[in-house]
Amino acid sequence: MENKYPHHEIEKKWQQYWRDTKLMNMDEASQKPKYYCLMMFPYPSAALHVGHGRNYIIGDAVARYMKMKGYNVLAPMGWDAFGLPAENAAIKSGIHPRESTFNNITKMKSQLEEWGVLYDWDREVTSCAPDYYKWTQWLFLKLYEKGLAYKKEAAVNWCPDCRTVLANEQVVNGACERCSAEVQQKKLKQWFFKITDYAQKLLDDIQSLKGWPQRVKTMQANWIGRSEGAYIDFKVEGLDKTLTCFTTRPDTIFGATYMVMAPEHPFIEDVLQVSENKDEVIKFLAKIKGQSSFQRQAEQVEKEGVFSGLYVINPVNQEKIPLWIANYVIYGYGTGSVMAVPAHDQRDFEFAKKYNLNIRLVIDSPKDSLDGSLMKSAYEDVGVLVNSGKFESMPSDKAKKAITSWMQDKNMGKKAITYKLRDWLISRQRYWGAPIPIIYCDKCGIVPVKEKDLPVELPDDIEFKPTGVSPLEDKKEFIETTCPKCGGAAKREADTMDTFVDSSWYYLRYLSPGNEKIAFDKKAVDKWLPVDQYIGGVEHAILHLLYSRFITKVLFDIKAVGFKEPFANLFTQGMIIKDGAKMSKSKGNVVNPDELIKKYGADTVRVYTLFIGPPEKDAEWNDRAVEGAWRFLNKVWRLMYQITQGGSSLITDETLITSLLVKTNEVIKKVTFDIENSFHFNTVISSIMELVNSTKEVVDKQAELNNLKDEVKSESSFDAGKTLQTICLLLSPLAPHICEEMWRKMGHEESVFLYSWPEYDKKALSLGQVEIIVQINGKVRSRLNFNKGISDEQMKKSVLEDEKVKNLIANSIIKKVIVVAGKLINIVVS
RNA sequence: GGGCGAGUGGUGGAAUGGCAGACACGUGGGACUUAAAAUCCCAUGGAUGAAUAAUCCGUGUGGGUUCGACUCCCACCUCGCCCACCA
């Protein structure tokens, strides 16, 4: 008997076998029900650490489990291969992004293999390959045709020293992460996708996502940020101009004592022409410009503003109120100008206090009556209207509607719905991305590349040193082209697409990998989607998932797909923490799986990773605890030898047979439930551990009995080898290599993954005895054993007749007896 | 400031409103061994106690609902994550 299982030999052998037999490849011809198990495809940055591993190990366990449950499983994998890090590395080291990316892919692929994580590699997609980004460009053209792609000016983070555009994550405390120069805002004409057209649909359909975690749905809803209110028009005094503001509190309109607009508001041009206070305004604007939008949004910035010198007229009471410009108003939400009601909005209140602006109470608290001059903070709750003309003493929630429709009638304003969701800026002034398929012609203007001319290929030979423009801009051979319309000289768009565009549709491409005619086959995607189980990190809860939902809805509207939502079920696994921080290379706390696999084998790493805690929660990695998983697998391995070769597999003792049968079936039931219900592999493993422990106990005890008596006479017998097979099947999705090996050693010709998942036997569960807890007034006082299936009445009777229980009750009066079937009896006495 | 989570032994964690601490890690003790590793066995929330007797306390804090609360309700405290001056 071998003491330690030889993981080195076993793992390589079975990985090779699974690869050769294409175990996890989807079968197009199969009649079995489909199961699309999708893991978020990774960015090929560098070597994977055990934190990444959690995602793939969970996914692999699910895929293998579903296969054994009789599904035709599709488990593909690919690479989100465009992006900034590879380009930054190129700037630093001179290695071409293509080279470093494909090196990383090779490395990561072999790591996945070593983990025993199986995919249908025949369907691999790589987003930086021309045969993939051709169709990302095709998607752009489709959005362009539908009027969902448009160009407008937008600010970017600009580092004046590096002369380059920075992503938000490259800006640290308002400074460039590389050279620490202060980041500026620079305006560029950029491409957007009109996701705001789908804001309401994206919000409405959240409720159809039954298999998504509630918190992700809430995050999406908050991100879309619908609010109902009204647009209200204020005439500017002395000018033939109107300023419109958005408010969610039209009930407070009579309390508007000033108006305030964002420093970026275009009306400021007018202000500068006519204002008597224009010097102050200019001074203020200069000061605000010094604060980047990054600074303005970080932390609590002191509210600052300036009087514009102009007044506007409150339409409901013709009151003349001052117009201010302040840093706390965001241009880009609502209309960029706000009616300020200091009595009922905390921000307005603080601002009014600072600049001595009027505070007028218009909503009185129903509890105690308020006084505007004495208030210490704004009253933002509901209440009853005061100082509000004909709406006096109306409840504020009712007044919201009443005032809005009254204003609508009088042409002062109208009902309005706004969203926080902004259009999706997809232009990147970068090289390593899919080129935007657009051509600029002096005669014809903006002309999309013809579909037949796709892909617009990225040139290989590129200078990476930052020059202030997209590296493609300097590449004459790329930029200079001819107009698809008139054939004249024209220029290509030099920007590339946000990598979120690449990842917004990759799950469709898996159904038609390598197809040169179409992006994806409608029949195939309609059969296989929505994805049955999507697994990934919660960090993608908003952007990636929202963009994918948006693109799916657009594709549905152009009849390219027949479903409205891409992912039916979503599982977001928790992060792996080490030394109190998320595992990451920059923090230097990564645990390298290669060494662990070398020492203990992939199955040990898998079992420990799954055992560490509930998969949706963050978990602290503990190197020492890995040993526990290793010991467990060796225990199973030794148990196999004990049963198959020790000659002690036949259980003849009646009690032992019953206890083993009951335990086995209980564990099958629990393991199946925990996987189906919640992917709680941590309790799955602990249950299997219990089964292994009790099987060993039973086998040992039987051996003892056999030693006592020379001849064992028994009516019935049970082969412990059957339980061992069950253990092997239950454990195989989690620790596939060792189970495959044991399965074959037990005499099976075919892979364990071609066998069916065990079903539990209801009859077996009702065998034997059950311990009943006896409580008196809710406190545990005794335990008694009964045969399973005893009636509540009978059990109650026996308990009350029990000597110990009688003594405990003594002279007290029994008021009530509560019986919980198969569990407990509570005797309430006084 | 808003939203979402989470608080249980020395540690990770377990518990459809029904035995709190399963299963592991760690620690202590023992067996085997010349010794070690490996393996196996025992103990392991706290207090009183000679005790494997018995009793009491114990799931962040304070209330409540209930025969019975880690679990449900209310208020609060602490920590984590995401968003953040959204009118």
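Note that these values count all heavy atoms, side chains included, but never hydrogens, waters or copies made by symmetry. Letters A, B, ... are given to chains in the order of the sequence lines, protein chains preceding strands, and every chain is numbered from 1.
- Residue Glu704(A) contributes atom CD, which lies 13 Å from atom C1' of C40(B) at whole-angstrom precision.
- Taking the C1' atoms as reference points, C81(B) lies 47 Å from G30(B), given to the whole Å.
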Which atom pairs link the protein and nucleotides 55-57 of chain B when you take only N or O atoms and keep those under 3.5 Å?
from	atom 1	to	atom 2	distance (Å)
C56(B)	OP1	Arg781(A)	NH2	3.4
C57(B)	OP2	Lys779(A)	NZ	3.3

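- With no hydrogens or angles considered, no side-chain donor-acceptor pair links Thr335(A) and Tyr231(A) at under 3.5 Å.
- Side-chain N/O atoms of Lys816(A) include one lying less than 4.0 angstrom from OP1 or OP2 on C67(B).
- Between the CD atom of Glu350(A) and the C1' atom of A87(B) there is a distance of 14 Å, rounded to whole Å.
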Tabulate below the donor-acceptor pairs under 3.5 Å that side-chain atoms of residues 772-785 of chain A make, not counting sequence neighbours, or state none.
from	atom 1	to	atom 2	distance (Å)
Asn777(A)	OD1	Val829(A)	N	2.9
Asn777(A)	ND2	Val829(A)	O	3.4

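- Using atom C1' as the reference point in both G18(B) and U66(B), the two lie 12 Å apart (nearest Å).
- In the model, Lys635(A) has a side-chain atom that pairs as donor or acceptor with a side-chain atom of Asn693(A) under 3.5 Å.
- In terms of phosphate contacts, Tyr333(A) brings a side-chain nitrogen or oxygen within less than 4.0 Å of OP1 or OP2 of A87(B).
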- Message: Could you spell out the base pairing of RNA chain B as a dot-bracket line? Use Watson-Crick and G-U wobble contacts where both distances are under 3.5 Å, [ ] for crossing pairs, | for partners on a different strand.
- Response: (((((((..(((.....[....)))((((((.......))))))((((.....))))..(((((..]....))))))))))))....
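- G2(B) atom P lies 13 Å from atom NZ of Lys420(A), rounded to whole Å.
- For NZ of Lys788(A), the number of neighbouring non-hydrogen atoms (other residues, nucleotides, ligands) closer than 6.0 Å is greater than 12.
- Separating the P atom of C23(B) from that of U78(B) is a span of 37 Å, rounded to the nearest Å.
- Rounded to an integer number of Å, the gap from Met219(A) CE to A84(B) P is 11 Å.
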- Query: What one-letter contact string describes nucleotides 12-25 of chain B from 5' to 3', where B marks a base within less than 4.0 Å of any protein heavy atom, S marks contact via sugar-phosphate atoms alone, and - marks no contact?
  - Reply: BSS-B-BB--BBSS
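- For the residue pair Asp233(A)/Thr242(A), the side-chain donor-acceptor check at 3.5 Å is not satisfied.
- Leu543(A) places its CG atom 12 Å from the C1' atom of C82(B), with the value rounded to the nearest Å.
- Considering only residues two or more places apart in sequence or on other chains, Phe500(A) meets the ring-ring contact (aromatic ring centres under 6.0 Å, His included) condition with Tyr547(A).
- By the 6.0 Å contact criterion, OH on Tyr333(A) is enclosed, its count of non-hydrogen atoms from other residues, nucleotides or ligands being greater than 12.
- Shown here is Lys815(A), whose NZ atom has no more than 12 heavy atoms of other residues, nucleotides or ligands within 6.0 Å.
- For the P atoms, the distance from G21(B) to C70(B) is 12 Å, rounded to whole Å.
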- Given the rule in the salt bridge (charged side-chain N to carboxylate O under 4.0 Å, His left out) test, do Asp700(A) and Lys696(A) qualify, once you have shown the distances and angles that lead to the verdict? CA-CA 6 Å; Asp700(A) 286 348; Lys696(A) 180 162 169 45; 3.2 Å; yes
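- Annotation: A31(B) and A69(B) have their C1' atoms spaced 44 Å apart (nearest Å).
- Taking the six-membered ring for Trp and thresholds of 30 and 60 degrees, Tyr5(A) and Trp630(A) have ring planes inclined between 30 and 60 degrees apart.
- Rounded to whole Å, the P atom of U71(B) lies 13 Å from the corresponding atom of U16(B).
- In this structure, Trp630(A) places its CH2 atom 13 Å from C1' of A37(B), rounding to the nearest Å.
- What separates CD of Gln214(A) from P of C4(B) is a distance of 9 Å, to the nearest Å.
- For the C1' atom pair drawn from G62(B) and G13(B), the interatomic distance equals 27 Å after rounding to whole Å.
- Remark: Arg215(A) is not in phosphate contact with C81(B), judged by side-chain N or O atoms under 4.0 Å from OP1 or OP2.
- Contact annotation for Val828(A): backbone-only contact, meaning every heavy-atom pair under 4.0 Å involves sugar-phosphate atoms and none involves a base.
- Annotation for Lys598(A): atom NZ does not count as buried by contact number, only 12 or fewer foreign heavy atoms lying within 6.0 Å.
- Applying the 90° cutoff around 0 to the glycosidic angle, G12(B) is assigned anti.
- Applying the ring-ring contact (aromatic ring centres under 6.0 Å, His included) rule to Phe351(A) yields the partners Tyr258(A), Trp324(A), Tyr328(A), Tyr355(A); only residues at least two apart in sequence or on another chain are considered.
- Side-chain contact of Glu627(A) with Tyr600(A): a donor-acceptor pair under 3.5 Å is present, judged by distance alone.
- Between the C1' atoms of C77(B) and G68(B), the separation comes to 28 Å (whole Å).
- Gln220(A) has its CD atom 14 Å from the C1' atom of C83(B), to the nearest Å.
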